[in-house]
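My questions will all concern the structure given below.
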Amino acid sequence: MGKPALLSEKSGRPAGKIGLPSGLPPGEFSDFLKKIQPFLMPVLAAFLAAFLMPRPAGFSFKFEKNQVWKYTDLVVPADFEVLRPAAEVAEKIETIEAEHGRYFFLDPEVNRFQKKRYSNLVERQAEISSHDQQYADLVANPGAYQSYGQKLLEDIFSKGVSDAPRGPTNPDENTYIIWSNSERKLKAGQLLTLRTAEEMLTDSLPFAPLRQPELILPLLEKCLVPNLFFSDSLTHAGKAKKIANVRRAGFSVKKGEKIIQKGQIVGEEHWLKLNTLAEQNPSKNSILISFGYFLVALLGFGGLFFWQKNFGFLQISRFQNEKLYAVILLGLAAVKLLIWFGDAVPLLLPIFILPMILKKNHDTPTAILTWAILVFLVGFSLDWGVAWLFIQISGAAATMFFFNSDLNLNEKLGASLLVGGVMNLAWLATLISEKLNPALQTGDVPIFLIVSTFIGLVFLPTGLSFLKNLKKNEPTNLPAKK
């Protein structure tokens with residue numbers, strides 16, 4: 001007989017044979033997927049909703065020069081300075097970019113301190129050399145040597161001695177010197193370094209009106225220090241200031257000031273103010289913002305999932321809950337699409353009849369919760385969300401109160417008129433209370449509301465009658481009528 005196969009201590013498999021790590025059996029893996037699938041659906045729906053939810057439009061007014069301002073009176077929300085459009089000053093900004101150079105801060109204390117230091121050095125040299133014939137003229141006339149040396153230092157420091165170890169690579173580039181509230185522009189080649197300052201001294205002293213000018217050369221060299229210091233922050237700030245000056249229109253507006261009135265022609269000054277507001281309030285779209293939208297949507301879809309899981313009246317069929325997710329996602333997509341046509345167009349959507357439709361195949365709390373999540377997500381996304389919520393809630397409340405499946409045709413028409421009245425009253429309340437986005441407060445909004453009411457009220461009775469007679473192939477959450 002052959003030797004028995006050795007077993008691995010860890011796996012129990014024959015030693016020397018390589019096998020794949022054991023995982024879940026196919027049956028258990030399938031059961032595992034079935035268990036986590038319901039939990040993945042809200043996450044997937046929230047991910048899709050993050051991209052479907054409309055984003056704040058920022059400054060959503062549309063305007064052109066010499067055209068009528070069709071919106072309500074626009075009042076300044078906060079103080080701001082009026083700027084010229086970036087496109088209009090692009091050429092000037094290019095010139096600033098081309099001419100921009102390094103900024104140096106001039107320290108005026110260096111000049112005063114070093115001149116005083118030089119004067120003290122001359123006095124000290126005269127004292128210690130009072131019996132040295134080599135310094136006889138300096139000892140006899142220290143004031144003349146002091147005055148001339150101070151004049152040389154004044155000339156050098158007025159040109160500026162930079163802290164650069166060597167001269168600039170491009171002597172023709174622009175350089176700016178800043179001191180106090182003043183600014184001076186010169187070529188980089190005009191700046192002195194310690195080396196070029198020393199050369200200036202040696203070139204100037206032979207022409208000095210002194211008998212022994214060479215005596216003060218070492219004293220002057222001790223007083224040569226930089227008085228210009230390169231500043232990266234001043235360099236960037238100087239460039240930004242020049243660009244800002246080019247963009248400034250020369251006037252500003254205060255909070256509460258009226259920019260333009262409804263029906264007024266958009267003139268040059270109006271246009272500059274409106275354009276400044278538009279540039280300062282752009283639409284925001286970033287990965288971080290999308291993640292925030294995802295978290296908000298996850299709260300909504302997660303709430304719907306746990307409601308159905310823990311409080312659903314009857315066992316729902318497969319994918320029945322996913323249909324509710326689809327309804328919400330389609331609603332979000334519809335709002336985002338309609339906003340592309342116009343800010344007020346989403347008001348055409350009769351979202352307020354959604355609970356009446358959903359409760360035909362679901363229990364009433366689930367239908368209302370699904371509608372509430374959709375209205376909440378849209379309201380959260382829109383910058384006029386308060387108005388959206390109020391109008392939709394008012395319409396839904398009126399629909400649930402006035403409509404009943406047992407109403408005859410005349411009663412449904414009467415209920416439709418009541419719902420329409422509530423909708424228009426809700427719009428009027430939002431308009432008067434200034435909760436509606438000013439960009440929507442145009443003469444077109446009443447037409448939008450009338451059309452929206454008409455669409456909803458025509459669809460509501462006919463749609464409910466159609467659903468009532470439609471044969472249902474899927475199990476319902478509602479108990480069967482006896």
Side-chain angles (χ1 to χ4, degrees), residues 41-42 44-57 60 283 285 289-290 293-294 296-301 303-304 319 321-362 366-396 398-400 419-420 423 426-427 430 436-437 439-440 444-445 447-464 466-467:
M41 289 305 299
L44 177 60
F47 177 79
L48 295 175
F51 296 96
L52 292 176
M53 292 167 70
R55 300 298 169 91
S60 55
S283 299
N285 193 0
I289 291 176
S290 297
Y293 276 54
F294 165 76
V296 172
L298 186 60
L299 288 174
F301 285 107
L304 178 61
F319 300 124
N321 203 31
E322 284 74 356
K323 289 181 180 179
L324 297 176
Y325 301 157
V327 167
I328 297 174
L329 293 174
L330 287 174
L332 293 174
V335 173
K336 188 166 187 177
L337 176 64
L338 291 178
I339 284 181
W340 186 79
F341 293 99
D343 292 321
V345 178
L347 292 174
L348 292 170
L349 283 175
I351 302 295
F352 55 88
I353 67 173
L354 191 60
M356 301 291 291
I357 296 174
L358 288 177
K359 77 174 188 176
K360 289 295 179 180
N361 290 311
H362 296 271
T366 299
I368 294 177
L369 179 60
T370 304
W371 161 82
I373 291 172
L374 173 57
V375 173
F376 164 72
L377 293 180
V378 173
F380 176 84
S381 304
L382 297 174
D383 52 359
W384 43 280
V386 173
W388 163 270
L389 290 172
F390 182 68
I391 291 174
Q392 294 296 335
I393 291 173
S394 300
T399 305
M400 298 292 289
V419 173
M423 287 289 293
W427 169 80
T430 56
L436 200 62
N437 187 323
L440 307 180
D444 299 332
V445 173
I447 299 175
F448 278 127
L449 258 294
I450 292 172
V451 174
S452 173
T453 304
F454 175 78
I455 292 175
L457 302 182
V458 168
F459 180 76
L460 181 57
T462 55
L464 292 178
F466 174 76
L467 289 172

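Note that these values count all heavy atoms, side chains included, but never hydrogens, waters or copies made by symmetry.
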*Can you sort out the partners of Phe47 under side chain to side chain contact (heavy atoms under 4.5 Å, CB included), two or more places apart, ordered by chain and number?*
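Partners of Phe47 under the side chain to side chain contact (heavy atoms under 4.5 Å, CB included) test: Phe51, Phe294.
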*Who pairs with Ala398 by side chain to side chain contact (heavy atoms under 4.5 Å, CB included), at least two apart in sequence or on another chain?*
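Checked Ala398 against side chain to side chain contact (heavy atoms under 4.5 Å, CB included); matches are Phe402, Val419, Val422.
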*Closest approach of Leu332 and Met53, non-hydrogen atoms and distance?*
CD1-CG, 3.9 Å
Side-chain atoms of residues 369-379: list all donor-acceptor pairs with protein atoms under 3.5 Å, sequence neighbours left out, distances to 0.1 Å.
residue: Thr370; atom: OG1; partner: Thr366; partner atom: O; Å: 2.8
residue: Trp371; atom: NE1; partner: Ile351; partner atom: O; Å: 3.4

_Nearest-0.5 Å distance, NZ of residue Lys323 to CG of residue Leu330_ =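 If I round to the nearest 0.5 Å, the distance is 13.0 Å.
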*Considering non-hydrogen atoms only, spot the tightest contact between Phe301 and Ala49 and give its length.*
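Looking at all heavy atoms of both residues, the closest pair is CE1-CB, 3.8 Å.
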*asked:* Test side-chain contact (heavy atoms from CB on, under 4.5 Å) on Tyr325 and Leu304; report intermediate values, then the result.
replied: CA-CA 9 Å; Tyr325 301 157; Leu304 178 61; 3.7 Å; yes
*Side-chain contact, heavy-atom cut-off 4.5 Å: Val335 with Trp388?*
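Sidechains of Trp388 and Val335: in contact.
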